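Everything on this sheet refers to the single structure shown next.
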Amino acid sequence: MESPVTDISPAQAPLLNLIGHDRQALEAYFASMGEKAFRATQVLKWVHQQGVYDFSAMTNLSKSLRTSLTSQAAFVVPEIINDQISEDGTRKWLLRLEDGNSIETVFIPESGRGTLCVSSQVGCALNCSFCATARQGFNRNLTAAEIIGQLRLANQLLVSTDNKRPVTNVVMMGMGEPLLNYNNVIQAMTLMQEDFAYGLSKRRVTLSTSGLLPEMQSLSKDCPVSLAVSLHAPDDELRNKLVPINRRYPVLKLMQACRDYTKGLPHQKVT
Ligand code: SF4
């Protein structure tokens, strides 16, 4: 026989993950709580620059605000399942997301800089013939929180000897085609460039694409970071086989789109 239910508590609303909120989104969140916009920059600095996720330790917020935030929001980053360091210092993390899916993030240290290769999707739909991710098929887009969470985690885990941030460059070149997850990738790249978060310049954030022409055009207006195009072949005959999206956006049109991308962006480059 089932025991009688004696204590019925109201179901707790899940905490809102704020880690992927850029300044604009955080300002809107604080405005909805009746708070001033500057709270957004205070919280951005705590989380993305100091690595403090616990609202109760954010001493420049009022006590009542800290209590309210603790009851309704949190900062959640992916969980590390595997952490592998190669002899050359390259570090590869396998990360588990909240729904159980996993993604990879790779840090490549070089003289004078450190590059983080960030994933944008679980799997990929574009089916390039040489690509291991393509064999998984497409599962889902990452949220902005899951994308920026990879950079936050890397900054947390990499020890800097000279007090500088270890990640100096980000390439959106991990799992997935970033331009097929346009809005979330833009939001995360905005946070990467935000002065109160990571402060990376446009030249230090690179988006790597297989060549989606309409989205490349939009990117040049919305968030003109550096662009890397994965060509893999000099002509349509071979590229159609290696990178099937080439059938829709052939090489000549892609070359023109690359030239167009840098028009009006003299300091920007396409590689
Ligand atoms: S676009 Fe990138 S991730 Fe997707 S199948 Fe091609 S190479 Fe792989």
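If you read the sequence from its start, that first residue is 1, and numbering goes on from there. Both ligands and their constituent atoms are indexed starting at 1 by order of listing. Nothing here was measured: the structure is a model prediction, and the numbers come from that model.
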Exercise. Is it true that some N/O/S atom of Cys131, main chain or side chain, lies under 2.8 Å from atom 4 (Fe) of ligand 1?
Worked result: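 Checking Cys131: none of its N, O or S atoms is under 2.8 Å.
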Relative to the heavy atoms of [X], which atoms of ligand 1 are at a distance of less than 4.0 Å?
| X | value |
| --- | --- |
| Asn127 | 5 (S) |
| Cys124 | 1 (S), 3 (S), 4 (Fe), 5 (S) |
| Ala134 | 5 (S) |

Problem set entry | Identified side-chain contact (heavy atoms from CB on, under 4.5 Å) partner of Met189 from the options Leu219, Thr206, Ile148 |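 The residue from Leu219, Thr206, Ile148 that satisfies side-chain contact (heavy atoms from CB on, under 4.5 Å) with Met189 turns out to be Leu219.
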For this session: Report the relative orientation of the aromatic rings in Phe130 and His232; use parallel for angles under 30°, tilted for 30 to 60°, perpendicular for over 60°.
Result: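 Correct class here is tilted.
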For this session: Would you please classify the geometry between the Phe75 ring and the Phe55 ring as parallel, tilted or perpendicular, with 30° and 60° separating the classes?
Result: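 Judged by the thresholds at 30° and 60°, the geometry between Phe55 and Phe75 is tilted.
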For this session: Take Asn141 and Asn184 through the test side chain to side chain donor-acceptor pair (under 3.5 Å) and record every step on the way to the result.
Result: CA-CA 8 Å; Asn141 284 331; Asn184 293 342; over 6 Å; no
Problem set entry | Side-chain touch Gln150/Ser119, heavy atoms, less than 4.5 angstrom |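 Of all side-chain heavy-atom pairs linking Ser119 with Gln150, at least one is under 4.5 Å.
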Exercise. With respect to atom 5 (S) of ligand 1, which of Cys128, Gly211, Ser208, Ser210 exhibits the smallest heavy-atom separation?
Worked result: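 Residue with the shortest heavy-atom distance to the ligand atom: Cys128.
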Exercise. Among protein heavy atoms, which sits nearest to atom 2 (Fe) of ligand 1, and what does the distance come to when rounded to 0.1 Å?
Worked result: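 So the nearest neighbour among protein heavy atoms is Gly176 O, 4.2 Å.
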